[in-house]
2 protein chains.
Amino acid sequence: MQPIISFVGHSNSGKTTIIEQIVRILSRKGYKVGVLKHTHGAIKADRRGTDTDRFRLAGAGVSSISDDKLLVRFEKAQGHRPQFIVQALAKELDLLIIEGYKKEHFPKVLFSDELKAVSHKGIIATVGKKKPDSAKVQHFPPSKISDIARWLERDIIIPGKKSRQVVIEVDGKRLPLNDFVGEIVKETIRGALGTLKGGRGRKINISIDFGRKI
Amino acid sequence: MQPIISFVGHSNSGKTTIIEQIVRILSRKGYKVGVLKHTHGAIKADRRGTDTDRFRLAGAGVSSISDDKLLVRFEKAQGHRPQFIVQALAKELDLLIIEGYKKEHFPKVLFSDELKAVSHKGIIATVGKKKPDSAKVQHFPPSKISDIARWLERDIIIPGKKSRQVVIEVDGKRLPLNDFVGEIVKETIRGALGTLKGGRGRKINISIDFGRKI
């Protein structure tokens, strides 16, 4: 399971403020949290004629700028499915919170006030002053932010960490593994690398490029 | 070898324009090229009060925004060594061109006009109207951009691809492997995954999180 949750609802429902507070709580607990906001309006960050804009227009896959505090990366989203963008971002995080992309198949928290019907797919919780009659899922009043954070930790972050103990990707696609096969792969690699100098650690990553299909 | 090259020199030496043209040539050849510009001035892209700025200040490891064309990621650079930032960026690229970070130990192309002395470390080529007397390295006039691109392809991109056929990282640090051990790891994993459904492909990535030191 990828640790991804999408916050959806009316545009003035207070999503941004609640996400901000959840990020603060979970970051202080030591989790690496990321946020992705999807917008239909054009992004204004990469202004015309800046160097990053020029490199990007020349075809750079990634055009970035850093100072001593911040790294800003501009990447092409065109031609990539939202699922691909989201999964690449989530890879290095304990939790990725998405605002938007409501048509995509991510688990969702719905801000239910001022909504006539609860119609999005994949809703696993609602936030609102009043619990919607129709939804048979977890419900939180908007004031109970620490409850939402605790629930995300228990139901998304911790199971996500567990399921990512062994991840095998073939040409960018995750290979389904049952616990038994995962355990064999883990123990085989632990044994093989354990004999090499510097081969012991908490996290191991192995990349192989065969150049052609094996 | 990581496929990284740093362009250094006087601030009006024409570096940006030449990088832009090199990106165009190499991207058209199908390579995934990235650029990182390091600046000492503050970056203006993430303006105060924007949602990405709020999420970042709340502690988000990655704060990002996307529309249908572009993905913009804001990440903390503070507390990370330039080497770490650069290597993380280069990982998914065929070539990363850096503008700046001249004090870091990356292979460098020096724009030598108007420089009194060629004093940076790690210079592997110079660009300028006149070949500097002191440097015993590859030299290109600024008009010969396709020559620079061809040289980067031959001396950086292609050897870089070869050396990344097998990469093992332990806790984010690359394990030195000789060809023999690399070949054993490659063939063992090829054999093991080949028996699983969907286990054959061009690129394999395995991540293992032991949770504690093995």
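Note on naming: letters A, B, ... go to the chains in the order of the sequence lines (proteins, then strands), and numbering restarts at 1 for each one. The shown structure was predicted, so the numbers you read here are calculated from the model rather than taken from an experiment.
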### Query
If you tally heavy-atom pairs under 4.5 Å against chain A, which of B:V62, B:L96, B:L71 wins?
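Among B:V62, B:L96, B:L71, the one with the most close pairs to chain A is B:L71.
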### Message
Among B:L95, B:T39, B:I85, B:I184, which residue has the highest count of heavy-atom pairs closer than 4.5 Å to chain A?
### Response
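Counting heavy-atom pairs under 4.5 Å, the top option is B:T39.
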### Query
For the side chain of A:D94 and the backbone of A:K32, is there at least one donor-acceptor N/O pair under 3.5 Å apart?
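Yes, the answer is positive, given that a donor and an acceptor are paired below the 3.5 Å cut-off.
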### Query
Hey, does the side chain of B:D171 reach the backbone of A:K203 with a donor-acceptor pair shorter than 3.5 angstrom?
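Pair found, side chain donor or acceptor close to backbone of A:K203.
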Can you confirm whether [X] sits close enough to [Y] that some side-chain heavy atom of one is under 4.5 Å from a side-chain heavy atom of the other?
X      : Y      : answer
A:Q2   : A:F106 : no
B:I19  : B:V35  : yes
A:V167 : A:R174 : yes

Part of [X] lying under 4.5 Å from any heavy atom of chain A:
X      : value
B:I25  : neither
B:Y101 : side chain
B:L196 : side chain
B:I208 : both
B:L93  : side chain
B:I168 : both

### Query
Does the side-chain hydrogen bond (donor to acceptor under 3.5 Å, both in side chains) test come out yes or no for B:S207 and A:N205, once each step is laid out?
CA-CA 4 Å; B:S207 304; A:N205 195 85; 2.8 Å; yes
What part of [X] is in contact with chain B, defined as an atom under 4.5 angstrom from a non-hydrogen atom: side chain, backbone, both or neither?
X      : result
A:L175 : side chain
A:K197 : backbone
A:I22  : neither
A:K186 : both

### Query
Using a cut-off of under 4.5 Å for heavy-atom pairs, which of A:V170, A:V166, A:I97 has the most such pairs with chain B?
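Looking at each of A:V170, A:V166, A:I97 in turn, A:V170 comes out on top.
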### Query
Which one, A:T188, A:I98, A:T16, A:L177, leads in non-hydrogen pairs under 4.5 Å with chain B?
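Most heavy-atom pairs within the cutoff with chain B belong to A:T16.
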### Message
Take a 6.0 Å sphere around NZ of B:K144 and say whether it holds more than 12 heavy atoms from other residues, nucleotides or ligands.
### Response
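No.
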### Message
Suppose the criterion is side chain to side chain donor-acceptor pair (under 3.5 Å): which pairs have a residue in residues 17-27 of chain A, not counting sequence neighbours?
### Response
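Pairs touching residues 17-27 of chain A that pass the test: A:T17-B:R54, A:E20-B:R54.
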### Message
List the residues meeting side-chain contact (heavy atoms from CB on, under 4.5 Å) with B:N178, not counting sequence neighbours, and say none if there are none.
### Response
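Partners of B:N178 under the side-chain contact (heavy atoms from CB on, under 4.5 Å) test: B:F180, B:V181.
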